[in-house]
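Report on one structure; see the data block that follows.
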Amino acid sequence: MQSRLSDWLVKHELVHRSLGFDYQGIETLQIKTEDWDSIAVISYIYGYNYLRSQCAYDVAPGGFLASVYHLTRIQYGIDKAEEVCLKVFVSRNNPRIPSVFWIWKSADFQERESYDMFGISYANHPRLKRILMPESWIGWPLRKDYITPNFYEIQDAR
């Protein structure tokens with residue numbers, strides 16, 4: 001059982017890989033980094049006009065990082081919303097993905113959080129800077145190979 005977006009991508013010879021379906025029947029597709037820009041635009045044009053969430057995770061220590069996008073297509077009302085999950089995997093040595101801020105404005109803070117916690121750089125993001133950690137923080141705290149500093153500086157909480 002493929003999602004409609006997956007069928008459309010196959011029909012137009014756009015490379016992707018199905019990673020299966022979750023417990024709600026939502027398909028997860030793996031998208032290549034170099035194809036992400038065009039597939040994001042195509043998804044929007046196809047009707048996925050709502051970015052429900054964007055997150056990231058570290059696949060394994062020393063392995064790939066993943067940027068995950070949960071898109072919703074509301075065509076005939078909220079009761080019949082169609083959803084798809086798109087994953088873009090990147091090397092931890094150069095974790096760079098095109099930003100989708102220009103397509104879905106709600107990606108703003110979400111991409112910034114993924115940058116702050118995992119070090120994934122979102123190309124062409126207008127304000128890509130730390131959002132949770134201080135600007136002076138060294139490293140990416142949610143990476144599995146992150147070494148926790150043995151000191152904690154108490155910050156002035158004015």
Side-chain angles (χ1 to χ4, degrees), residues 3-6 8-9 12-19 22 26-75 81-149 152-153 155-158:
S3 72
R4 290 185 195 137
L5 178 62
S6 184
W8 194 90
L9 293 174
H12 291 88
E13 300 178 0
L14 293 163
V15 179
H16 69 287
R17 182 173 142 220
S18 177
L19 299 176
D22 69 7
I26 298 170
E27 187 172 23
T28 299
L29 304 176
Q30 179 180 346
I31 308 297
K32 289 183 178 181
T33 306
E34 58 270 17
D35 297 333
W36 175 230
D37 249 351
S38 45
I39 290 182
V41 170
I42 288 165
S43 299
Y44 184 83
I45 292 168
Y46 189 74
Y48 289 94
N49 57 1
Y50 179 59
L51 174 64
R52 187 165 45 93
S53 69
Q54 183 279 329
C55 62
Y57 68 94
D58 190 344
V59 177
F64 287 97
L65 301 171
S67 186
V68 183
Y69 301 82
H70 297 273
L71 304 177
T72 303
R73 178 182 189 199
I74 303 172
Q75 188 173 11
E82 182 183 325
E83 297 181 31
V84 69
C85 176
L86 304 176
K87 292 186 178 184
V88 182
F89 294 92
V90 291
S91 162
R92 71 189 324 102
N93 298 333
N94 184 22
R96 191 165 177 80
I97 298 173
S99 174
V100 293
F101 171 81
W102 305 107
I103 302 167
W104 298 286
K105 299 295 186 215
S106 60
D108 186 10
F109 286 1
Q110 297 175 64
E111 287 182 342
R112 286 180 59 192
E113 182 178 356
S114 295
Y115 166 74
D116 197 6
M117 297 289 110
F118 295 96
I120 298 173
S121 179
Y122 293 91
N124 298 320
H125 189 286
R127 293 176 289 280
L128 192 62
K129 61 181 183 174
R130 290 196 181 268
I131 191 169
L132 299 172
M133 305 302 287
E135 283 293 329
S136 60
W137 195 266
I138 298 171
W140 316 108
L142 291 184
R143 284 192 182 186
K144 292 181 179 176
D145 56 0
Y146 178 70
I147 298 171
T148 308
Y152 292 94
E153 182 178 326
Q155 305 257 338
D156 188 359
R158 280 188 243 178

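The shown structure was predicted, so the numbers you read here are calculated from the model rather than taken from an experiment.
The aromatic ring centres of Tyr115 and Trp140 sit less than 6.0 Å apart.
Remark: the backbone N or O of His70 is not paired with any side-chain donor or acceptor of Glu83 at under 3.5 angstrom. In this structure a side-chain-to-backbone donor-acceptor pair under 3.5 Å is present from Trp102 to Asn124.
Separating the CE atom in Met117 from the CD1 atom in Ile131 is a distance of 9.5 Å, to the nearest 0.5 Å. Distance CD1/Ile31 to OG/Ser43: 7.0 Å, rounded to 0.5 Å. The CZ atom of Arg112 sits 11.5 Å away from atom OG of Ser99, with the distance rounded to the nearest 0.5 Å. Here CZ of Arg52 is found 9.0 Å from CG of Leu71. Values are rounded to the nearest 0.5 Å. Note that CD of Gln30 is 10.5 Å distant from NE2 of His16, once rounded to the nearest 0.5 Å. With values rounded to the nearest 0.5 angstrom, Ile120 atom CD1 is found 10.5 Å from Leu128 atom CG.
Nearest heavy-atom pair, Met133 versus Arg130, reported as atom, atom and distance to 0.1 Å: O-CB, 3.4 Å. Listed here is the closest heavy atom pair of Ser114 and Cys55: OG-C, 3.8 Å.
The cationic group of Lys144 does not satisfy the cation-pi geometry with Tyr146, failing either the under 6.0 Å distance to the six-membered ring centre or the 45° limit from the ring axis.
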Can you check side-chain contact (heavy atoms from CB on, under 4.5 Å) on Glu111 and Val100, steps first, answer last? CA-CA 9 Å; Glu111 287 182 342; Val100 293; 3.4 Å; yes
Worked verdict on Tyr48 versus Tyr69 for side-chain contact (heavy atoms from CB on, under 4.5 Å): CA-CA 11 Å; Tyr48 289 94; Tyr69 301 82; over 6 Å; no
Show your working on side-chain contact (heavy atoms from CB on, under 4.5 Å) between Leu29 and Ile39 and close with a plain yes or no. CA-CA 11 Å; Leu29 304 176; Ile39 290 182; over 6 Å; no
Could you go through Tyr122 and Gln54, starting from their C-alpha distance and side-chain angles, then the distance that decides it, and tell me whether this counts as side chain to side chain donor-acceptor pair (under 3.5 Å)? CA-CA 12 Å; Tyr122 293 91; Gln54 183 279 329; 3.1 Å; yes
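Residue pairs meeting the salt bridge (Lys or Arg N to Asp or Glu O under 4.0 Å) criterion with at least one partner in residues 29-45, sequence neighbours excluded, do not occur; the list is empty.
Within 6.0 Å of atom NZ in Lys105, more than 12 heavy atoms from other residues, nucleotides or ligands are found, so the atom counts as buried in its surroundings.
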Atom pairs and distances, donor-acceptor, side-chain atoms in residues 85-98, under 3.5 Å, two or more places apart:
residue: Lys87; atom: NZ; partner: Tyr57; partner atom: OH; Å: 3.2
residue: Ser91; atom: OG; partner: Asn93; partner atom: N; Å: 3.1
residue: Arg92; atom: NE; partner: Asp145; partner atom: OD2; Å: 3.1
residue: Arg92; atom: NH1; partner: Asp58; partner atom: OD1; Å: 3.1
residue: Arg92; atom: NH1; partner: Ala60; partner atom: O; Å: 3.3
residue: Arg92; atom: NH1; partner: Gly63; partner atom: O; Å: 2.7
residue: Arg92; atom: NH2; partner: Asp58; partner atom: OD2; Å: 2.8
residue: Arg92; atom: NH2; partner: Asp145; partner atom: OD1; Å: 3.1
residue: Arg92; atom: NH2; partner: Asp145; partner atom: OD2; Å: 3.4
residue: Arg96; atom: NH1; partner: Ser121; partner atom: OG; Å: 3.2

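Using cut-offs of 30° and 60° for the angle between ring planes, the Tyr44 and Trp104 rings count as perpendicular.
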